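See below for the structure under consideration.
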Amino acid sequence: MNLTKTTIALSLMTAMSAPAFAADEISFYGKANIGLQSSDEAGESETEVKSNSSRVGVNGELKVSDSLSVVYKAEAQLEMADDEADNIKARNQYVGLKGNLGTVLLGRNDTMVKQSQGKIDLFSDYEGDIKNLWKGENRMGETLTYITPKFGDFYAGFTYVAEGDKDQKAKNEGDAGFSAALMYGDAKLKKSDWFASVAFDSEVEGYDNMRASVQTKIAGIKLGLIAHSQEEVESGDETTGFMVSAAYKINDFTIKGQVQTAEEDFGDDAEFMSYSIGVDYALAKNAKLFAWATSIDNDEDVTGEDDSTYLSTGIEYKF
């Protein structure tokens, strides 16, 4: 009997993690997020069941001395609503060293610009994800990452993208890329009421990006702001934009909203807007029901394309 790639991957991860739980060296985790989604793009409507970046992974930390550990992660995205055989995609997969001088990681990883936005994007993995209007949300295959220790509430990170990376080679004429960020506070807003960062990409997947982000909690409301600019290296075409997000928890409900802009400074100077609203209902600590709506204004006068609208409701379970 032939096993699918998904079954093989799950079996391997389970087998790897089972004997190691007792030693507390490795963790098996995942997220299943599936929604029933209605989409209207360019006047064409469609209803589908979507797997919104569902994933499984193993990670851990092996202590080799009082001041040095080996850290590792192997994470894969599962297209749980896709009947195609090739339904596994690579996510962050790396190994490295963590010690008093910081953390060094080798492998596939999010760039520092992508990491620098923390949890400000409240519609990540959905149609309102900031990657749909902006560049910079990159996960690159051949990277070297260094993250400094914390100095008070400040820390920094650097990503080197080797010229051999296939996406880097295809979009940046084989030149290496570099991504860096300076961050302050706690991205989850659990240890502090503030998170802020400034970050930039240099020639990563053919773009130079600049991004400044801040998020805080005021009277129980989480507020986030991102200012973004990007320039295509080859053409010099520039795009700038802002994103504002807000979330408020009422008992087991979390109400959230987000607005994002993108203004092109080339050609006919098109302007794009993305509006998202949503509500989550906590069934338990690791399970929730969700519903959201996103509308993207495609600047019909310039692009000639109709606006796009999306509605979805579904369930998420983290384990």
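The first residue in the sequence is number 1, and the count goes up from there. In this text the structure is predicted, and so the values were computed from the model without any measurement.
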Other residues, nucleotides and ligands only: do more than 12 of their heavy atoms fall within 6.0 Å of [atom1] on [X]?
| X | atom1 | value |
| --- | --- | --- |
| Leu101 | CG | no |
| Lys31 | NZ | yes |
| Lys89 | NZ | no |

Under 4.5 Å between any side-chain heavy atoms of [X] and [Y], yes or no?
| X | Y | answer |
| --- | --- | --- |
| Leu78 | Ile88 | yes |
| Val104 | Thr145 | no |
| Phe195 | Asp186 | no |
| Lys249 | Lys222 | no |
| Val214 | Trp194 | yes |
| Thr103 | Leu97 | no |
| Leu144 | Phe158 | no |

Mark yes or no for whether [X], through its side chain, and [Y], through its backbone, hold a donor-acceptor pair below 3.5 Å.
| X | Y | value |
| --- | --- | --- |
| Ser51 | Met80 | yes |
| Asp110 | Lys114 | no |
| Asn138 | Met140 | no |
| Ser245 | Ile120 | yes |
| Gln117 | Asp121 | yes |
| Gln260 | Ile130 | yes |
| Asp165 | Glu142 | yes |

**Asked** Among Thr239, Asn298, Asp307, whose side chain to side chain contact (heavy atoms under 4.5 Å, CB included) with Phe272 holds?
**Response** Asn298
**Prompt:** Between Asp252 and Leu283, is a side chain to side chain contact (heavy atoms under 4.5 Å, CB included) present by the stated rule, with each step listed?
**Reply:** CA-CA 8 Å; Asp252 291 329; Leu283 296 169; over 6 Å; no
Just jot down the ring-ring contact (aromatic ring centres under 6.0 Å, His included) partners of [X], sequence neighbours excluded, or say none.
| X | result |
| --- | --- |
| Phe154 | Tyr184 |
| Phe253 | Tyr281 |
| Tyr126 | Phe290, Trp292 |

Name each donor-acceptor pair under 3.5 Å that joins a side chain in residues 197-206 to protein atoms two or more places apart or in another chain, with its distance.
residue: Ser197; atom: OG; partner: Ser116; partner atom: O; Å: 2.7
residue: Asp201; atom: OD1; partner: Ser179; partner atom: OG; Å: 2.6
residue: Asp201; atom: OD2; partner: Asn209; partner atom: ND2; Å: 3.0

**Verdict with reasoning, Arg91 to Glu75, per salt bridge (Lys or Arg N to Asp or Glu O under 4.0 Å)** = CA-CA 5 Å; Arg91 290 179 62 86; Glu75 185 174 290; 2.5 Å; yes
Kindly compute the distance separating [atom1] ([X]) from [atom2] ([Y]), expressed to the nearest 0.5 Å.
| X | Y | atom1 | atom2 | result |
| --- | --- | --- | --- | --- |
| Leu311 | Thr47 | CG | OG1 | 9.5 Å |
| Leu62 | Leu68 | CG | CG | 9.5 Å |
| Thr143 | Leu106 | OG1 | CG | 7.5 Å |
| Phe28 | Asn59 | CZ | CG | 11.0 Å |
| Lys285 | Lys318 | NZ | NZ | 11.0 Å |
| Gln215 | Leu189 | CD | CG | 4.5 Å |

**Item:** Ile255/Ile250 under side chain to side chain contact (heavy atoms under 4.5 Å, CB included): CA gap, chis, key distance, verdict
**Value:** CA-CA 8 Å; Ile255 302 169; Ile250 307 173; 4.0 Å; yes
Which atom names give the shortest non-hydrogen contact between [X] and [Y], and what distance separates them?
| X | Y | answer |
| --- | --- | --- |
| Ser39 | Tyr310 | OG-CD2, 3.4 Å |
| Asn92 | Lys73 | O-CG, 3.7 Å |
| Tyr155 | Pro149 | CB-O, 3.9 Å |
| Tyr317 | Ala287 | CD1-CB, 4.0 Å |

**Fill in**
So the side-chain hydrogen bond (donor to acceptor under 3.5 Å, both in side chains) pairs with at least one residue in residues 227-238 (sequence neighbours excluded) are Arg211-His228, His228-Gln230, Glu232-Ser235, Ser235-Asp237
Can you name the side-chain contact (heavy atoms from CB on, under 4.5 Å) partners of [X], sequence neighbours left out?
| X | answer |
| --- | --- |
| Ala90 | Gln93, Arg108 |
| Ala227 | Phe242 |
| Lys166 | none |

Decide whether [X] and [Y] meet the rule of one side-chain donor and one side-chain acceptor closer than 3.5 Å.
| X | Y | result |
| --- | --- | --- |
| Arg139 | Asn109 | no |
| Tyr275 | Gln258 | no |
| Glu61 | Ser69 | yes |

Salt bridge (Lys or Arg N to Asp or Glu O under 4.0 Å) involving [X] - partner list, sequence neighbours excluded:
| X | answer |
| --- | --- |
| Lys50 | Glu127 |
| Asp193 | Lys217 |
| Asp280 | Lys256, Lys288 |

**Note: Asp125-Arg55 ion pair, threshold 4.0 Å (strictly below)** = yes
**Message:** Show, in sequence, the C-alpha distance, side-chain angles and deciding distance for Ser274 and Thr294, and conclude whether the side chain to side chain contact (heavy atoms under 4.5 Å, CB included) test is met.
**Reply:** CA-CA 7 Å; Ser274 176; Thr294 292; 3.9 Å; yes
**Message:** Run the side-chain hydrogen bond (donor to acceptor under 3.5 Å, both in side chains) test against Ser295 and tell me which residues pass, sequence neighbours left out.
**Reply:** none
**Message:** Using side chain to side chain donor-acceptor pair (under 3.5 Å), reason through Glu79 and Asn87 one step at a time and then give a plain yes or no.
**Reply:** CA-CA 5 Å; Glu79 297 301 323; Asn87 62 346; over 6 Å; no
**Chi angles and distances behind the side chain to side chain contact (heavy atoms under 4.5 Å, CB included) call for Trp134, Ile226** = CA-CA 11 Å; Trp134 296 344; Ile226 301 177; 3.7 Å; yes
